[in-house]
Every structure is written in structure tokens, then in C-alpha cells.
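Quick notes on the structure that follows.
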Number of protein chains: 2
Amino acid sequence: MSFLERIADCNTYDLARFLPFRVAKQALGWVRRDFMPLLAEFADVFVVDEAGVTLHPRLDSFAARSDAVAPVLRTLASRGVIVGWRDELYPATTSFRADPALQLERAATAYFGLRTFGVHMNGFVRKRDGIHLWVPRRARTKPTYPGQLDNTVAGGQPIGLGLADNLVKECKEEANIPAALARRARPVGVITYCAEVAEGLQPDAQFCFDLELPEDFVPSNTDGEIDEFLLWPIDRVAEVVCNTREFKPNCSLVIMQFLMRQGILPPDHPDYVAIAQGLASTTAIG
Amino acid sequence: MSFLERIADCNTYDLARFLPFRVAKQALGWVRRDFMPLLAEFADVFVVDEAGVTLHPRLDSFAARSDAVAPVLRTLASRGVIVGWRDELYPATTSFRADPALQLERAATAYFGLRTFGVHMNGFVRKRDGIHLWVPRRARTKPTYPGQLDNTVAGGQPIGLGLADNLVKECKEEANIPAALARRARPVGVITYCAEVAEGLQPDAQFCFDLELPEDFVPSNTDGEIDEFLLWPIDRVAEVVCNTREFKPNCSLVIMQFLMRQGILPPDHPDYVAIAQGLASTTAIG
């Protein structure tokens, strides 16, 4: 087992199974071929041909596109095609700050291979014997990755909420970190990956934050999504990330970047350059 | 001007002008087509054909390869083909820790498009009004990038010297930082790029280090390669990196990663994800 294997876990996909999803001539994502016939039925919203899927050109504004796509997605969800409805709106965009082409239900993003964004935070403690990281174990009742280890705080980035505000909200919900403390979190970078999932393709960018926590602060969960918080010496975290699949796959990548930044994963590691490059992997859109 | 433009400055090349350089069937670099006829003359060392350049298969060990290549390079240097002789040996390898296929004169690496490695350090001071970075100006007499701004300490990575030891050596030579202080530098990551230069192709990996310096420490140069050291507020550094070409191109990238790690380049910057990916650019070898 190796760090590069954790990166491969998040970056395994076969683009030959997908065709581009375009809005107003811009390629925004990827649609798996087996999903295309299900969209072809809605010919006033989606144009499906051998080149891929295009949003109908009559839909020429953010509002028109969002309003036209929403009932299609609800219909597909009612038929059990789209699963895991979240009631959370995500932007369809290639860049976090670009004007999104439309907004749509979070659960649908992977069916269209849209890039999603999230905030992930490493909450750590400096003890006399070195850095310790707060590691939550996801509730065994969670529909996704039950019982797996996670980043101290992590959440998807919905439309219309700033990154810092979203992080403060997630800090409260997931770890009961008060807003005044959460606002001390420092943005430190981003990791990107592209995973093929049951629903389709998931190119994701996770904005990373570090928060040094006081030694007497103990996180606790307020939304029932975490079973327990473990305070682990960083060497143990590194060992578990490298040699097991106990962490939720994308959380491993956030921790690996933390290990590099803190000098715990040293530059004379044989895979150092490849790891750094793997944490910034790009997905061709076109 | 933009941060992405600085990344493009270091990543502009046309691979169509190059063919692979192989040793023992492994592609290690790239040779520009106009350099190939000059190597063809040395048929007992280089096999030159339409597929590229291969080291002669009779050369089957590190020593045999290094010993056979050295006189060819010296001949080409005496003819003025290879310029900028350094008398410093670099490994020919795709990965810093892999066993190198051979060693060769540093000045020749770009002619063979070999990946080079370096150590670059941000020496910074935390003042009451924020972070300040020590910025050296290269001597106006230096053959390469005279008068340009540089990283606090930076140097190429020769064969047979550890990264940490190399950094301590460069800290002494370039900034008169005592070894005990230099050893506090923390490895924080790596940036990679690939530049086309007059000599050929230069895929480079720069291991990045941060060193917090005491407010009363003033760096000074001991090898005549630096004209002056400037202590600049980090916002001024960011502005000059973004909007000018005053910094040596690859040093801009090291500073951009520092700005991200310190939260000075914030995640809601429109180009944040693209910058992070650009600082880890890969070069296809094959």
C-alpha cells in the first residue's frame, strides 16, 4: 500500500465511457453513455446526439436553464434513476468563481460529470510530542462511507454561500467548533481529483484549511453524522492513510497535503513529486 | 498580468520539436531535433534515429554510461554547442529517489530534456503588521537572469548530496544563514514545471522550504551572486509576482505556493484551482 495508491483510488476513470456535456457551447462536464438515452426523452431540455449532451440552445439564461432542468431531475429521481437527493443546489461551472451556467440538485452533479467544490479542514493540536490530528469516524448509519474516517470538518460547497461562511457552518454542525474559533482556520491550498462513481463522473476540488485547536478543546458532533472523534498522533494518521483504506478516499488526499506542508511527509520520500502532482490532477474537459 | 501568466512563463514548450531520449528502454528526457545530428557523430555512445536518441545499449551500467557520455559533452562544449559549463554533476533520472541511469554535467541536462531538481527556500519574518519576505536581487554580473529578484535561498540539486545538506550549504553561501538556523527550515512541498529554453527542454522540480527568521537577522551574500537583500511586506511581493516579470520565472512559482499556504492568496481567488494545478504541472515522458 502507498500514498500513490490512495491518489489512484480517487482518480480511476475511463473517459471512453463518457461524452461531453455542453451548455452554450462550453463543455462543463461528462455524461456516461448509459445515461444519455434517459435524457433523450426530454428533448425540449437536452439535445442528445453522437457528440454528447447539450442543453437545448433555447435555454439562454441561468434562470431558464435551472428552471428547465429541475423538473427533469425530479422526474428521474422519482423513477429511481437519480439517487441520493439532497435538496441542495450546486452550480454548474468549471471554475468556482466563474458565473455558473445553471444551478441544479447536488445529487445530480455526478450524472453530468460536473466539477464540485468542498471545504475540508484539518483540526490539529500541537502537543509536546508533536502534532496530533482530530479524526472523526463517520456514523455507521450514514448512507455514504459509513464508519469510515474523515477530515476533522468537511462539507460540500453549495451555491450562494462563501467558502469561509460555509466552513464556519460545517465547523459548528460537524464538530461543535464555535464560530470565533472556526474563523481562525487558515486557507492553505486545494486538492483536486476525478473519480468515476456509480452515478457517473465526479471531478472535485476541495479547498483545504488548517485550524490549530487549543489542547483542551474537544470536538463533538451536533448533526448525528459522526460517531466519535479520535485525537491521533500525526504519525499514526500518516500510517493509516498510507497503508489502509480506513479513511474516506478523498479525505486521504487532504491529509496527504497536510503531511507535506508540515514536513511530516519529507521531500526525500521516493514518491514526493508524484504525490504532489497527483494531489493536483486535472480533468480534460472538451 | 496574472499569476497564471507567471505559470505559463515557465510552462511554454512545443513537444513537436523534440523526440524522446531513452536509456535502457526507459524514456528519461527529450532531445530537440536540431541537437540530434550533433549527437549522431558519436555513434558508439548515442543511437540516433527517427524515434529519437537512445544511449548505446552496450553501455549497461551507471559507470559505463557516465564515463562514455562525459567526453562527448566536453567535445560539444569545446565546440561551443553546449554552453554554461558548471563542473557540477547531475543525475539522469525521472524521480529524485530512483537509481539514476547515469550522471552528467549540469549544463547538459536541458539538451537532453532531463528532469532537474532544486531546493528553494522562503526566508520570512513575522512582524506585527504581518509576514515579510526576504527577497534577494541577483548580481547584475550573473550570466543567467542578472538583476532579477530571487527566492531567499535557492540552488540546484547535484548528485550525491542530501536535500537538507544542500539547503544548509546554499543558506550559508547565498544568505550567510548559520547552519543551526538553516536546519530549522521546514519542507513544505514541491513545485514542478517544464520550460523550453535555448538549450532544449527543462522539466524541473523545486523542493520548497519555509524558514521563519528572527526579526533581527539580516541575510548577507557570501558568494558574490546576490547584489542586495530586500525585506518586503508579503502583499508587495504578491503584487510584484502577479503584475511584473521582476522575479526569475521559476522563483515566482515557489512564492505563489507560499502565498497559498499562508492564506495570502485566498481560495476565492478566481484562478485558485488553476494556480494550484499549474504549480504541479506534469510532463509526458514517452
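Order of the sequence lines fixes the chain letters, A, B, ..., with proteins taken first and strands second; residue numbering starts at 1 for each chain.
Interface residue B/Gln262: backbone and side-chain heavy atoms are both found under 4.5 Å from chain A. Looking at B/Ala205, only its side chain comes within 4.5 Å of chain A, counting heavy atoms on both sides. For B/Arg261, the parts lying under 4.5 angstrom from a heavy atom of chain A are both the backbone and the side chain.
The minimum heavy-atom distance between B/Tyr272 and A/Val188, with the atom names listed, is OH-C, 3.9 Å. Pairing each heavy atom of B/Asp268 with each of A/Leu163, the nearest pair is N-CD1, 4.1 Å. The two atoms that bring B/Ala276 and A/Ala280 nearest to each other are O-CB, 3.9 Å, heavy atoms only. A/Phe209 and B/Pro267 make their closest contact through CZ-CG, 4.1 Å (heavy atoms, listed as atom of the first residue, atom of the second, distance).
Heavy-atom contacts from other residues, nucleotides or ligands closer than 6.0 Å to CG of A/Asp99 number 12 or fewer.
One distance of note links CD of A/Gln277 with CD1 of B/Ile191; it measures 10.5 Å at 0.5 Å rounding.
Note on A/Ser281, A/Gly263, A/Ala274, A/Pro187: by heavy-atom pairs under 4.5 Å with chain B, the leading option is A/Pro187.
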